[in-house]
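Below is one structure; the comments refer to it alone.
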Amino acid sequence: MTSDIFSKAFHVVKDSPFITLYFVLYLIILFLIIPVMLAGGNIFLRSILSVLSLLLTCAFMAGWFGMIKTAVITYKKDKTPEEKLEEAVRLKNNFFCSVSNYILPVILGFVVFVALLYLHSYLSDILFGKIDNVLEDISKYSNNQEAFKTYLLTLPESVWSTIIKKVTFSYVICSFITMAYLFFAASLYLNKKCTLNPIYAVGGAAKTMFQKFFETVIIFIFLIVLNFVLMSLQAFYIDNVVISFVTMILRIYFAAYIIVLIFDLYEQNQKDLPSDCCDRADCIRKDDLSD
């Protein structure tokens, strides 16, 4: 991975303000829904709002990834004002077109991701045993710090050994699954076969992870470390409105930057993209890019 990739991702985000603007609009809508969902006493209403929030997230991701794909493929260093206007219109149109084309594959990809997490939890219970009773007891003492400390000190060594093994196993497996899924969206939107099959995209993402393992690990560590720093900074200065606001903006730009970086890295391995991807409206013809 060269510094040019990091630089290009930065300029793509900087020169394509609609990428971050749509992300901000999505977060605003989500922040309006969540308080209502948490405050509602009606379980049926909360369930409906939860499903709507999930569908909203999948719909946004479907459109947002389409915008990022377009921005990465059509990127040019020096753009005239007319080209910037054309790009803004293209990204806006591509967002809504991508929602209709990709929302189902995105939902199915999310289902596969959740299924893998549940599978890892099931395997953990088989390999190391269950600790459900410990988790229930911990939840009982969560509001009493002294009782919580006392309970932890009374746990036998065998239980601690099981907890350590399960935590280590979960950390390793979840990290592996996350790294494999880093390229899922890019694999779905930029695969050579131009297929909408989410299983094919998962396979392509895993293959890319192994082919670009060093770069994947760097991105994964970069993602964890910088996100932790920004979250800690926001939590530490939670009473400072200015710092909290700046940190929130940085986290939004960082999220967009990471996705663009992943798309660009994946696109480097897809030099033979077909000029006509199944005649889908959101696909970009190479003939158009050369104009």
Side-chain angles (χ1 to χ4, degrees), residues 18-69 91-122 124-125 130 132 135-136 138-140 142-143 170 174 177-178 180-182 184-189 195-202 205 223 227 230-231 234-235 238 244-245 247-249 251-256 258-259 280-282:
F18 274 88
I19 291 177
T20 50
L21 176 61
Y22 275 50
F23 191 26
V24 171
L25 292 176
Y26 158 74
L27 292 177
I28 291 175
I29 296 174
L30 198 62
F31 287 152
L32 292 176
I33 295 176
I34 290 178
V36 178
M37 182 174 61
L38 296 178
N42 191 316
I43 298 179
F44 178 75
L45 178 60
R46 293 177 62 178
S47 301
I48 293 296
L49 290 176
S50 299
V51 173
L52 289 177
S53 299
L54 179 59
L55 291 176
L56 171 66
T57 299
C58 291
F60 167 75
M61 290 300 175
W64 198 49
F65 291 149
M67 293 177 68
I68 291 176
K69 178 195 72 172
L91 290 179
K92 183 194 69 171
N93 294 339
N94 208 345
F95 177 87
F96 294 103
C97 183
S98 296
V99 170
S100 61
N101 285 322
Y102 287 96
I103 184 170
L104 185 57
V106 168
I107 291 175
L108 293 177
F110 174 77
V111 171
V112 173
F113 180 75
V114 173
L116 289 174
L117 293 181
Y118 273 106
L119 178 61
H120 116 271
S121 179
Y122 177 73
S124 177
D125 290 340
K130 296 184 178 181
D132 295 343
L135 297 177
E136 291 176 2
I138 288 177
S139 63
K140 293 178 183 177
S142 59
N143 295 326
S170 294
C174 289
I177 293 174
T178 303
Y181 250 81
L182 282 178
F184 169 73
S187 178
L188 180 63
Y189 285 73
T195 175
L196 294 175
N197 189 335
I199 304 301
Y200 180 86
V202 171
L223 174 63
N227 190 53
L230 293 175
M231 288 180 64
Q234 190 172 18
I238 192 170
S244 296
F245 178 76
T247 305
M248 181 183 66
I249 296 300
R251 290 182 66 186
I252 291 173
Y253 271 92
F254 174 65
I258 284 294
I259 301 299
R280 293 208 306 270
D282 63 305

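Taken to the nearest 0.5 Å, the OG atom of Ser170 stands 10.0 Å off from the CG atom of Leu117. The SG atom of Cys58 sits 15.5 Å away from the OH atom of Tyr102 when rounded to the nearest 0.5 Å. To the nearest 0.5 Å, atoms CD1 (Ile177) and CG (Leu182) are separated by 12.0 Å. Within the model, atoms CG of Leu196 and CD1 of Ile103 stand 13.0 Å from one another, a figure rounded to the nearest 0.5 Å. Here CG of Leu52 is found 11.5 Å from CG of Leu30. Values are rounded to the nearest 0.5 Å.
The two residues Asn197 and Leu188 come nearest to each other via the heavy atoms O-CD1, 4.3 Å. Residue Ser98 comes nearest to Gly63 through the heavy atom pair CB-CA, 3.9 Å, listed as atom of the first residue, atom of the second, then distance. The two residues Ala205 and Ala180 make their nearest non-hydrogen contact at CB-O, 3.1 Å. Taking every heavy atom of both residues into account, Val106 and Met61 meet most closely at CG1-CB, 4.4 Å. For the residue pair Met67 and Phe95, the shortest heavy atom distance occurs at SD-CD1, 3.4 Å. Looking at every heavy atom in both residues, Phe184 comes nearest to Ala201 through CE1-CB, 3.6 Å.
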Stepwise side chain to side chain contact (heavy atoms under 4.5 Å, CB included) check, Leu55 with Ile107: CA-CA 8 Å; Leu55 291 176; Ile107 291 175; 4.0 Å; yes

Worked check of side chain to side chain contact (heavy atoms under 4.5 Å, CB included) between Val24 and Ile28: CA-CA 6 Å; Val24 171; Ile28 291 175; 4.0 Å; yes

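Aromatic ring orientation, Tyr189 versus Phe65: perpendicular (interplanar angle above 60°, classes split at 30° and 60°). Using cut-offs of 30° and 60° on the angle between ring planes, the pair Phe60 and Tyr26 is parallel.
A centroid separation of 6.0 Å or more is found between the aromatic rings of Tyr22 and Trp64.
Environment of CZ in Phe254: crowded, with over 12 heavy atoms of neighbouring residues, nucleotides or ligands closer than 6.0 Å.
Looking at Asn227, its side chain never comes within 3.5 Å of a backbone N or O of Leu223 through a donor-acceptor pair. Under a 3.5 Å cut-off, the side chain of Tyr181 and the backbone N or O of Gly109 do form a donor-acceptor pair. A side-chain donor-acceptor contact under 3.5 Å links Thr178 to the backbone of Cys174.
Applying the side-chain hydrogen bond (donor to acceptor under 3.5 Å, both in side chains) criterion to Ser100, with sequence neighbours excluded, gives no partner residue.
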